[in-house]
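Chain letters run A, B, ... following the sequence lines, proteins first, then strands; residues in each count from 1.
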Amino acid sequence: MTNRRGILLSVFYSGEEKSAVMKFYDPDNGEIFLIRDNTGHKPYLLTNAPPDSLEEVLSPSLAARLYRVTRVRKFDVLRDREVELTKVEAKDPLAIGGSSRNMREELTKRGFNVWEAKIKYYDCYVYDRGLIPGCSYQVDESGDVSRPKREVPVPPEFSHLDDKAKEILSSMIPLFDEPSPRMKSVAVDIEVLSTMDRMPDPSKPDKPVAAVAMVDSDGMKEIHVLARGGEIPDELPSGARILKYENEGRLIRSVLDRISQYPLVFTYNGDNFDMPYLARRARELGVRDWPVRLERDRALLDTGMHVDLYKLFSNKSIQVYVFNNRYLGYTLDEVAEALLGEGKIELGTRDFYSVGVRELAEYCLQDAELTFKLGNIGDGELIRLLFLLSRISKMSLEEVSRQGVSSWIRNMIFYEYRRRNWLIPEQNEIKAVRGERTYSQAIIKGKKYMGAIVLEPVPGVHFNVAVMDFASLYPSIIGRWKVSFETINCPHDDCRDNRPVEELPHWICRKGLGIVPYLIQALRDVRVRRYKRRAREEKDEHMRRWFDTVQRSLKVFLNASYGVFGYENFPLYSPPAAETITALARKAMLLSIEEARKMGLEVIYGDTDSLFIKGASKEEVERLEEAVESKLGIDLELEKWYRYVVLSKLKKNYLGVTVDGVIDVKGLLGKKRNIPLFVKRAFDEVLEILREVETPEQFEEAKKRVAETIRSYVKRLEEGDFSLEDLAFRTMLTRNLDSYKKTTPQHVKVARMLESMGKRVVAGQVIRYVKVRGRDGVMPLELANKSQIDKEKYLEIMRTTFEQILDSLDMDFDEIVRGRRSTSLEEFF
DNA sequence: ACGGGTAAGCC
DNA sequence: GGCTTACC
C-alpha cells in the first residue's frame with residue numbers, strides 16, 4: 001500500500017525512538033498505526049541568552065544534551081514589536097523542562113528569560129507541524145503526512161466579520177463539516193482478589209487479578225477468571241462467555257492480546273487502577289510485550305485509544321454542558337444510575353476471597369457493561385464530542401478526554417500563536433507589562449473583582465412575561481470590544497483614551513492587536529450562524545446530529561472563554577481583561593434596562609445577561625432589540641415567553657411556565673438534587689398543578705389543589721407512609737475525609753461512620769443519609785430504621801422548600817398544615 | 001484545577 | 001459568621 005488514510009488521534013514522545021510518534025486510526029480496516037516523525041523535529045525553548053553563551057551557561061551534563069542553537073524572529077504581542085531570540089533545541093524533551101535538572105531552570109537561574117519551555121513536547125510537535133488531531137490525513141509509506149487542502153470561501157453570512165476573524169473561520173469550517181469516524185470499541189473492567197481491610201494498590205500489585213470482563217460493540221461479552229475451585233459455568237445466563245485460567249500469567253496474556261485488538265478502549269478509572277495494575281502484574285509474572293504505556297497519571301495503549309470515563313465524567317464542562325448536570329457524584333454507580341437508569345448491584349462484602357468465582361464474574365461483567373454503555377451513550381455522542389473538542393483545541397484525543405476546559409482553551413490559543421510565529425508570552429510577563437491590579441470591588445469576600453448584576457426580583461405572580469437575553473454575552477463582549485490580555489493596556493500612547501468603562505483605568509488597543517478576540521468572535525459566529533441553524537435545518541439525520549454536537553462543543557469553549565482570563569493558574573491570566581469584561585456586561589445590562597424603561601416597559605427581574613419584561617407586545621420587544629443593538633453593537637434577543645412566572649423575593653429563584661406549557665424551575669430548593677425524593681415528589685406534583693394554569697382566574701382553583709397536595713404529603717410523613725430511601729439526602733463528598741478539619745458537616749459525619757464500618761469512602765462519592773432523633777442527628781441510609789426518623793426535621797425541610805413558592809402565591813405553609821396540626825401532629829410531637 | 005453572585009443548612 | 005454544597 002503506498003498511500004493510506006489515517007485519522008490522527010494523538011502524538012506522543014517515544015523514549016525508545018527518541019522522537020515524536022503520531023497515532024492514526026485507519027478507517028478502512030479499523031486498525032491503529034503509528035508513524036514516527038521523519039522531519040527531525042526536536043524539543044526546544046526560546047531564550048534571550050546569546051547563542052554562544054549556552055555551552056558555558058549550562059552545566060556540562062545539560063550542555064551535552066544540546067542539539068542545535070539558532071536565532072529566530074518572533075512577534076512579541078505584549079510590546080507590539082518583532083524580537084530576535086535564541087532557539088535552543090535539545091536531544092530529548094526532559095532536557096528542556098520537567099526533569100530535576102533542566103535548561104529552563106538553569107537559564108532562569110542565570111538571569112535569562114525563557115519562553116515556551118513548559119509546553120509538553122507532543123503539543124509542541126502538533127503546533128509546529130500544523131497538525132489537527134481528530135482529522136483525516138493521507139499517509140505515505142515514507143511517513144509523510146498530508147491533509148488535503150480545502151480552501152473554503154467565507155460564506156456570505158460572515159461578511160460582517162473582520163478579516164482576521166474571517167481567516168480563522170475559513171480554517172475552521174472544514175474541521176467541523178467533516179464527521180468523525182465510527183470506531184469499534186471495548187469496555188474493560190478488572191477485579192483483584194483483595195481482602196476487606198485493604199483496597200488493592202496498583203503501585204504494590206501483590207494480589208492476583210481474579211477476573212477481567214470485556215464487552216464490545218459487536219455484542220461480545222466475556223469474562224476471564226482465575227479458577228479457584230468450585231463449579232464454574234462456561235456461560236452466564238446473560239450470554240457472557242466465561243474463560244477459565246489456572247494460571248494468572250496466561251489470563252493476563254490473553255486479556256492484553258484481546259485489548260490490543262480494539263482501536264478504542266473504555267475503562268472507568270483505568271488510568272489509575274485497571275491499566276497500571278494489569279501492566280505491573282504482567283511485568284511481575286514475566287508476561288512480555290504489553291501494549292500499555294504507563295505515565296505518571298495516565299495509561300496509554302500503543303494499539304488503540306484508551307478513554308478513562310472516570311476522568312471524562314469528572315470534567316465539569318462535560319458534566320454541566322454535555323449532560324446538563326444530570327449526575328451528581330462521579331462513581332460508576334452514580335453516573336450510570338443517573339444517565340442510564342441502571343444502578344449497580346453491590347456485593348454483600350468487599351472481601352473478594354469469600355465471593356465465589358461465578359458471583360465475582362457477574363459483578364465484574366456488570367461494571368464492564370455499564371462502562372460500555374456510558375462510553376457509547378447517545379449512539380456514540382461522547383466520541384463524536386471528543387473528536388470535535390480535539391479539533392477545536394488541537395489537542396490529542398487522549399489529552400482532551402483527560403484535561404479540563406482551561407487546558408483546551410490554552411492549547412487552542414497556543415496553536416494559533418505558533419501558526420503565526422508569535423511569541424507565546426509568559427504569565428509573569430503579561431502581569432508585568434500589562435498590569436495585574438484590579439480596580440472593582442467584589443461583593444463576595446475573597447474574590448478579585450466585581451462580577452455580574454443580579455436585579456432584585458419583584459415578588460409575586462406575573463402574567464405575560466418576555467425573557468430577553470444577550471446570547472453568549474461574555475464572548476460577544478470580547479468580540480465586540482476586542483478585550484483580551486493582548487489588547488488591554490497596550491503599549492500605544494494613542495490608545496490610552498480608549499477606555500470603554502469610565503470607572504476603570506484600563507484602556508483597549510484600537511490598532512487591531514491580538515488574536516484571541518477574533519478567535520472567540522469566529523467561534524461564536526460560526527456556532528450561531530452556521531451550526532445552530534444546520535442542527536435545525538439539515539435533512540440527513542446523521543448530519544443533523546453531527547451539527548448539533550458541533551454547536552454544543554463550540555458552546556463549551558465559548559462558555560469558558562472569559563472565565564479562564566480570571567483564573568490565576570491560566571498561563572494567559574489577565575485580571576484587568578477579566579474585570580473589564582464583567583464591567584462591560586454590567587454596562588450592557590444597565591443600558592438595556594434604561595432603554596426598556598424609556599419605552600415604558602416594566603423590568604421585573606434580570607440576572608447577568610437576561611431581562612424579564614412584563615406585559616410587552618411583540619412589537620415592543622422588537623423595538624427594544626433594535627434599540628439595544630444600535631446603541632451597543634451586541635444582540636439582545638427574545639429567548640422565551642412566559643405565560644406566567646412566579647418570582648420569589650430571593651434572587652436566582654423562580655418558576656415560569658412558557659406559552660407552550662414548558663415549566664422552568666431555577667434555583668428553587670425543590671429542584672436541588674440533594675433533597676430527599678419524598679420532598680422532591682411533593683414538589684413535582686405541585687409543579688404539575690401549576691403547569692396547567694393558563695389564566696389568573698384558574699389560579700384560585702390551582703392554589704386549593706396545591707394546598708391539598710402539600711397536606712397529603714405532610715399526612716404521609718406523620719403516618720410513616722414512606723420508605724427510608726425516599727427520605728435520604730444525597731450530598732457529595734468533594735474532598736477526602738481527612739481534609740475536613742475546620743468543621744464536620746453532616747455528610748462528613750456520616751461518611752466517617754461509614755468508614756469506621758470498613759466501607760470505602762472517597763472524594764467524589766455521594767453520601768446518602770437520613771435525619772434521625774438523637775445526638776448525632778444523622779445516620780447512613782443503610783443503617784437507619786424508620787422508627788428513628790426525625791419527622792419534625794423533615795417537616796421543616798418541606799416548609800422551607802415550599803415557602804419559596806408559597807410566599808409569592810400569598811399562601812402560608814403553616815396555615816395549610818394547621819388543619820392537621822390540631823388533630824395529629826400536635827399529639828405526635 | 002474557567003469566573004463571580006446567591007442561598008441554605010449546619011457548626 | 002464561617003464552612004460546605006448546590007445552583008444561576
Report the C-alpha distance between A:S396 and A:E398 in whole Å, list the side-chain angles of each, state the deciding distance to 0.1 Å, and finish with yes or no for side chain to side chain donor-acceptor pair (under 3.5 Å).
CA-CA 5 Å; A:S396 295; A:E398 280 146 338; 5.5 Å; no
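For the pair A:N569 CG and B:dC2 P, the computed distance is 9 Å after rounding to whole Å. Rounded to whole angstrom, the span from the CG atom of A:N674 across to the P atom of B:dC10 amounts to 11 Å. If you take NZ of A:K672 and P of B:dA8, they are 8 Å apart, rounded to a whole angstrom. Straight-line distance from the CD atom of A:Q765 to the C1' atom of C:dT5: 16 Å, rounded to whole Å. The separation between A:N411 atom CG and B:dA1 atom P is 13 Å, rounded to whole Å. Rounded to whole angstrom, the span from the CG atom of A:L647 across to the P atom of B:dA7 amounts to 13 Å. For the pair A:K741 NZ and C:dT4 C1', the computed distance is 16 Å after rounding to whole Å. For the pair A:L455 CG and B:dG5 P, the interatomic distance rounds to 15 Å; values are reported in whole Å.
Between A:K652 and the phosphate of B:dT6, there is no side-chain N or O to OP1/OP2 separation shorter than 4.0 Å. Between A:T608 and the phosphate of B:dG4, there is no side-chain N or O to OP1/OP2 separation shorter than 4.0 Å.
Here A:F570 lies out of heavy-atom contact (under 4.0 Å) with every strand. In this structure, A:K448 reaches the sugar-phosphate backbone alone: every heavy-atom distance under 4.0 Å involves primed, P, OP1 or OP2 atoms, never a base. As judged by a 4.0 angstrom heavy-atom cut-off over every strand, A:S561 is placed among residues making no nucleic acid contact. Residue A:L328 is in sugar-phosphate contact alone, with no base atom involved, counting any heavy-atom pair closer than 4.0 Å across all strands shown. Looking at heavy-atom distances under 4.0 Å, A:G566 makes contact with sugar-phosphate atoms alone, never a base. Nucleic acid contact class of A:A578 (heavy atoms, under 4.0 Å, all strands): none. Contacts of A:I444 with the nucleic acid, taken as non-hydrogen atoms under 4.0 Å apart, include base atoms. A:T744 comes within contact range of the sugar-phosphate backbone alone, with a heavy-atom separation under 4.0 Å but no base atom that close. Counting non-hydrogen atoms under 4.0 angstrom, A:F565 reaches nothing in the nucleic acid. At the heavy-atom level, A:T734 lies under 4.0 Å from the strands shown only through sugar-phosphate atoms. If you check every strand for non-hydrogen atoms under 4.0 Å, A:R586 touches nothing.
Considering only the side chain of A:T731, C:dA6 comes nearest among C:dT4, C:dC8, C:dA6. Of all nucleotides listed (C:dA6, B:dC10, C:dC3), C:dC3 comes nearest to the side chain of A:T743. Relative to the side chain of A:H747, the nucleotides B:dC11, C:dT5, B:dG4 differ in distance, and C:dT5 lies closest. Looking at the side chain of A:N653, the nearest of the listed nucleotides B:dG4, C:dC8, B:dA7 is B:dA7.
Residue order along DNA chain C, read from the 5' end via each residue's closest nucleotide, puts A:K445 first among A:Y740 and A:K445. Ranked by how close their nearest DNA chain B nucleotide is to the 5' end, A:L650 and A:D776 are led by A:L650.
Taking the ring centre of A:Y321 as origin, the terminal cationic atom of A:K316 falls outside the region bounded by 6.0 Å and 45° from the ring axis.
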